[in-house]
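Accompanying notes for the structure given below.
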2 protein chains.
Amino acid sequence: MTIAHIAERAGVSAPTVSKVINGRPEVAPATRQRVERLLREHGYRRRGGQGDGPAGLVDLVFTEIESPWAMELVRGVEASAREVGAGVVISVLHDRAGPGRDWVERIAARHTDGAILVGSRISADRHDRLAARSIPFVVVDPDGEPPAGVASVGATNWHGGLAATRHLLELGHRRIGMIGGPPGMLCSRARVDGYRAALETAGVPVDPALIGYGDFLVGSGRDGGHELLSLPDPPTAIFAGSDMQAFGVLEAARRRGLRVPGDLSVVGFDDLPLARSAWPPLTTVCQPLQEMAALATRMVLDPSPGGREPRRVELATELVVRESTSPPAGR
Amino acid sequence: MTIAHIAERAGVSAPTVSKVINGRPEVAPATRQRVERLLREHGYRRRGGQGDGPAGLVDLVFTEIESPWAMELVRGVEASAREVGAGVVISVLHDRAGPGRDWVERIAARHTDGAILVGSRISADRHDRLAARSIPFVVVDPDGEPPAGVASVGATNWHGGLAATRHLLELGHRRIGMIGGPPGMLCSRARVDGYRAALETAGVPVDPALIGYGDFLVGSGRDGGHELLSLPDPPTAIFAGSDMQAFGVLEAARRRGLRVPGDLSVVGFDDLPLARSAWPPLTTVCQPLQEMAALATRMVLDPSPGGREPRRVELATELVVRESTSPPAGR
DNA sequence: CTGAAAGCGCTTACAG
DNA sequence: CTGAAAGCGCTTACAG
């Protein structure tokens, strides 16, 4: 499928199609739309010479890569990209607002076969530009509700939050603190809502003073932990929105001379490899990060000519009980 | 610099140059050599059309990415690549023997601007192929002595091992265990040699039973820790070749009911962000991973027309004393 | 806003 | 083993 083919079908000349692809301004809106639609329908790809073929590249775009959490995703994407001989291009946005205006042009210039966005937004404009160049893409753990027609991959965060909180309730805890991730992120909100749902189902009142928010990193767990433990009536258990936050809570507890789980039970979320080596080994909600990454990669790289309609997939989470939880001291 | 220019200078036709670049067999050895030399000297890069310019891609090749250690390198490379608008392609070899035969062809096909190899070997064959396509490359923490003419980046590992061991000696320890990384890796051997040098300088005999080797990951620290602590005359301090191994040692100590640093002092190597959040906060040797990565990226991406001769650079390490070390119990 | 013409860098098929 | 010729996909400069 070359520029000439598209031009013929659109009833325009090759140069005009070239201009549309390169985002030149001097094209009539109606023409641009007609050409973009054909480009998309035929899955046009630039070929940089006689028989270049696809570049064999997936773009993996993070907002931050401070947590080992990101590495799990990298491992998953790398492994499935390798299976089909593709390379993985990593970039870091440092901004949850999503990729900038010229991002699509940059990745198109390197002939990327598809893009995976992690934890960011995707504007309608970026979405349209990707579609015009038929670069498939998926959002993992989107920040906010993605626009209609955007495929996404996540985990059953609500269920995870429910299971974690239920576990603490079953051990006999009644004052259970929660330190969530960024409140704007769907995955984070769902975990908090699962926590609330478990409390409400058990007839335990939800105390807003027991709910804090952070950024999924160690520091926010430490700060949130100190805050909750300074309360006049402190919690006997804390559910953290991520394993890193849980590590921060452990640190805060130790600094205050509290033993875990004797004086304070702690539950994390993610089940990073490190959770097993923490002290005490961390009870946490396992989300299959590598599988999520592999699925996103396949969605983006596999032509699957029939099923091009965008999907929203949530993979199952599972509570993993280790040694950081026990009945509260009073019992 | 186009194929036509090279052809003119080599006194051959453009198709012949094209054949050399694409590794076609039907070129006389003498011609091939002459063309390859010119290609290299002029830093020829394929341009996939009128004004494609460089692809803006750095290949970052790991043998494994299980440790958060790898993420620090990724962060450093990504940050400096971004400065010059380049993307970072990550791949994982799962083999310390280095990249396979067709690796150079694959990265050349995507027009990579340079390659950074982490912790692997680079064969003379791969080296020659990279040179023929003038793809600059650097090895970070090479496995074994790299061939002559290969640029490398590392840290002052020997000094780090010396400083860590000296610190333990100054605290009064005399039986100091060491759990090193893979004995084949230069960075690992240098740390062990620094340990030996410190002991010898202090007049403390080196006991081979106190030296173990592993793979830089948590598991090998745990296993090595248990082994050392099972000795009839166990060490009062352990120096681990990496922070992850030190975490494993902490785990082994706790499983045996030993307190750190009361019953056992532990020193790591790397100073990962996690070292600060460990319990107790880990005394460790800081190596500037992000700076090492940034330097490697600049070496590979910066044309620096004058200074093309390969360099070997070691960045300084520094002991960071936290709370996992103290005088031995007897004192 | 559009396209015929010229041009770019590269590759292929084939004659020698 | 080599290269003149033809061709590919794309872009640019410019006339209308």
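Every chain is numbered from 1, with letters handed out A, B, ... down the list of sequences. Since the model is a prediction, treat every value here as computed from it, not as a measurement.
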Using OP1 and OP2 only, check whether a side-chain N or O of [X] sits under 4.0 Å from [N].
X	N	value
A:Arg24	D:dT12	yes
B:Thr16	D:dG3	yes
A:Ser18	D:dC10	no
B:Thr31	D:dT2	yes

Pair listing, salt bridge (Lys or Arg N to Asp or Glu O under 4.0 Å) test, anchored in residues 2-20 of chain A, at least two apart: none
Of the options C:dC1, D:dT2, D:dG3, whose atoms approach the side-chain atoms of B:Val12 most closely? D:dG3
Which nucleotide wins on minimum distance to the side chain of A:Pro15, given the candidates C:dT11, D:dT12, D:dT2? D:dT12
Between CD1 of B:Ile6 and P of D:dG3 the distance, given in whole Å, is 15 Å
Nearest-angstrom distance from the residue atom CZ of A:Arg32 to P of C:dT2: 10 Å
Anything below 3.5 Å on both distances counts as a pair; with that, list the stems of at least three consecutive Watson-Crick or G-U pairs involving DNA chain C. C:1-3 with D:14-16, C:5-12 with D:5-12, C:14-16 with D:1-3
When you check the side-chain N and O atoms of A:Ser120 and A:Asp143, is any donor under 3.5 Å from an acceptor? no
Atom of B:Pro136, atom of B:Asp113 and distance for their closest heavy-atom approach: CD-O, 3.1 Å
